[in-house]
Number of protein chains: 2
Amino acid sequence: MKFERSSCPITNVLDLLGDKWTLLVIRDLVLGKRRYQEFLASPEEIASNILADRLNKLLVAGLISRRAYQRNPTRYEYLLTKKGNGLEPILEAIVVWGKKQFPGTKKFPRIKQSPGLAVHAGARRTRAGNSNRRSKA
Amino acid sequence: MKFERSSCPITNVLDLLGDKWTLLVIRDLVLGKRRYQEFLASPEEIASNILADRLNKLLVAGLISRRAYQRNPTRYEYLLTKKGNGLEPILEAIVVWGKKQFPGTKKFPRIKQSPGLAVHAGARRTRAGNSNRRSKA
DNA sequence: CACCATAACTTGCATTTTGCAAGTTACTAG
DNA sequence: CTAGTAACTTGCAAAATGCAAGTTATGGTG
């Protein structure tokens with residue numbers, strides 16, 4: 001067994017999740033988000049290159065899986081694997097401590113699957129007029 | 001309530017602990033380490049400037065406290081506050097998941113308080129011959 | 001058919017954070 | 001007077017992050 005920094009389980013978990021973004025992506029997945037734009041839409045405003053990087057690392061680590069939900073062009077959505085789902089107790093412990101230490105914070109609600117995200121039916125697009133580009137409002 | 005990134009408790013915890021080192025310092029404290037050199041001696045080999053930075057941030061956040069254990073020159077040791085101790089369930093959850101995902105890792109044992117670390121008695125110094133400087137063994 | 005919009009990324013820097021090695025301070029022991 | 005020790009600090013290089021914009025491959029609208 002060769003480990004990056006030490007044989008401490010905490011250390012090895014930190015080598016995987018020890019930054020300001022990875023666990024937020026996991027949180028979003030637990031909440032029911034699946035798609036790139038949904039992750040980008042979270043209030044913390046992750047940069048798209050960071051998101052791509054983290055999704056990749058999580059894929060490689062086997063915490064999430066990817067599947068095409070559409071062909072031409074192929075579009076992917078992401079789901080937690082069983083392994084990734086095992087992180088929930090950690091998130092729960094963080095929420096418990098976090099809510100106590102940061103009064104006013106509140107666990108985010110699970111996502112209501114939006115009509116546009118139908119899993120099998122033909123997704124009808126609304127002719128919404130807002131651009132891809134984020135405004136620093 | 002104004003939060004740095006969002007009102008999510010997880011996000012705010014990550015703003016405090018979301019890096020590769022802070023939780024390791026907490027781990028060391030939970031294990032019974034108190035002094036600068038003890039933290040430096042951990043197998044992950046934290047750099048001394050990073051350690052100083054993290055101890056400061058944890059002090060400011062109220063997760064640890066500092067007290068002089070010697071005068072002339074004044075030397076400090078660090079202890080978890082009640083608030084900091086509340087992190088144990090998070091560490092525990094991480095250890096549980098980590099041990100499962102990284103076979104071969106093992107929770108580190110609590111430190112046996114070394115004779116040189118007497119809390120009240122006059123600490124006698126052994127004339128040890130090893131330098132401060134770390135060798136890349 | 002010519003545009004515009006959308007989704008999932010990628011690319012090119014600028015800024016920030018880490019990491020490494022060495023230096024500083026203030027003593028005590030010999 | 002010299003060496004050693006503990007707790008930091010400093011200077012600079014390297015890596016990670018953040019921002020804005022670009023790319024690819026469609027489908028819808030007029």
Side-chain angles (χ1 to χ4, degrees), chain A residues 4-5 14-22 24-25 33-41 44-59 64 66-78 114 116-117 122-137, chain B residues 4-5 14-15 17-22 24-25 33-41 44-59 64 66-78 114 116-117 122-136:
Chain A
E4 269 197 55
R5 292 195 291 174
L14 288 176
D15 284 341
L16 195 62
L17 313 169
D19 69 89
K20 294 211 186 319
W21 294 110
T22 308
L24 293 184
V25 175
K33 296 193 178 186
R34 288 172 162 70
R35 299 187 185 173
Y36 210 86
Q37 297 299 324
E38 293 184 282
F39 302 127
L40 286 181
E44 292 87 4
E45 308 207 344
I46 190 172
S48 64
N49 54 343
I50 306 289
L51 175 58
D53 178 78
R54 294 307 188 276
L55 288 173
N56 245 305
K57 282 181 177 163
L58 289 172
L59 271 172
I64 64 177
R66 201 174 71 146
R67 68 160 223 201
Y69 67 88
Q70 168 191 299
R71 217 50 75 90
N72 289 344
T74 313
R75 295 278 155 76
Y76 296 100
E77 61 183 8
Y78 298 88
S114 81
L117 279 176
R124 190 146 305 277
R125 195 123 27 138
T126 62
R127 48 183 247 69
N130 63 331
S131 124
N132 185 17
R133 204 72 56 226
R134 207 190 283 282
S135 54
K136 206 53 189 163
Chain B
E4 268 196 56
R5 291 193 292 173
L14 289 176
D15 284 339
L17 313 169
D19 70 90
K20 293 211 186 322
W21 294 109
T22 308
L24 292 184
V25 175
K33 296 193 179 187
R34 287 171 162 72
R35 301 189 184 171
Y36 210 86
Q37 296 300 323
E38 292 184 282
F39 302 128
L40 287 181
E44 292 86 6
E45 308 206 343
I46 189 171
S48 63
N49 54 342
I50 306 289
L51 175 58
D53 178 78
R54 295 306 188 275
L55 288 172
N56 245 307
K57 283 181 176 162
L58 289 173
L59 270 172
I64 64 176
R66 201 173 71 146
R67 67 161 223 200
Y69 67 87
Q70 167 192 300
R71 218 48 77 89
N72 289 342
T74 312
R75 295 277 155 78
Y76 296 100
E77 61 184 9
Y78 299 88
S114 79
L117 280 174
R124 190 146 305 276
R125 199 128 18 143
T126 61
R127 49 186 243 68
N130 64 330
S131 127
N132 186 15
R133 204 72 58 225
R134 206 190 283 281
S135 54
K136 207 50 187 168

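Proteins come first, then strands; the chains are lettered A, B, ... in the order of their sequence lines, and each starts at number 1.
In this structure, CZ of Phe39(A) is placed 20 Å from P of dT6(C), rounded to the nearest angstrom. Atom CD of Gln37(B) is separated from atom C1' of dG4(D) by 12 Å (rounded to the nearest Å). We find that CD of Gln70(A) is positioned 8 Å from P of dG27(D), with the value rounded to whole Å. Rounded to whole Å, atom P of dA6(D) lies 13 Å from atom OH of Tyr36(B). For the pair Tyr76(B) OH and dT5(D) C1', the interatomic distance rounds to 17 Å; values are reported in whole Å. Remark: C1' of dA7(C) and OH of Tyr78(A) are 11 Å apart, rounded to the nearest angstrom. Remark: C1' of dA7(D) and CG of Leu51(B) are 9 Å apart, rounded to the nearest angstrom. Rounded to whole Å, the distance from CD on Glu44(B) to P on dT18(C) is 16 Å.
Rounded to 10 degrees, the angle between the two end axes of the helix from dC1(C)-dG30(D) to dG30(C)-dC1(D) is 10°, with five pairs used at each end.
Judged by distance alone with a 3.5 Å cut-off, no donor-acceptor contact links the side chain of Arg75(B) to the base of dA7(D).
If you check every strand for non-hydrogen atoms under 4.0 Å, Arg71(A) touches nothing.
The shortest heavy-atom contact between Val25(B) and Leu55(B) is CG1-CD2, 4.0 Å. Considering every non-hydrogen atom in both Trp21(A) and Glu44(A), the closest pair reads CH2-O, 3.4 Å. Scanning all heavy atoms of the two residues, the minimum distance from Ala47(A) to Leu40(A) falls at C-CD2, 4.4 Å. Considering every non-hydrogen atom in both Lys33(A) and Phe39(A), the closest pair reads CB-CE2, 3.8 Å. Contact detail for Arg5(B) and Lys20(A): the closest heavy-atom pair is NH2-O, 3.1 Å. Residue Tyr36(A) comes nearest to Ser48(A) through the heavy atom pair OH-O, 2.7 Å, listed as atom of the first residue, atom of the second, then distance.
Taking Arg66(B) as the reference, Leu59(B), Tyr76(B), Tyr78(B) meet the side-chain contact (heavy atoms from CB on, under 4.5 Å) condition, with sequence neighbours excluded.
Taking for each of Ile50(A) and Pro73(A) the nucleotide of DNA chain D with the nearest heavy atom, the 5'-most of the two is the partner of Ile50(A). Residue Arg5(A) is the one, among Arg5(A) and Ser48(B), whose nearest nucleotide of DNA chain C lies closer to the 5' end (criterion: closest heavy atom).
Taking 4.0 angstrom as the limit, Trp21(A) places none of its side-chain polar atoms (N or O) nearer than this to OP1 or OP2 of dA16(D).
Counting only heavy atoms from C-beta on, Arg35(B) has its side chain closest to dA7(D) among dA7(D), dT17(D), dA8(C). With distances taken from any side-chain atom of Ala52(B) to the nucleotides dT9(D), dG18(D), dG19(C), the minimum falls on dT9(D).
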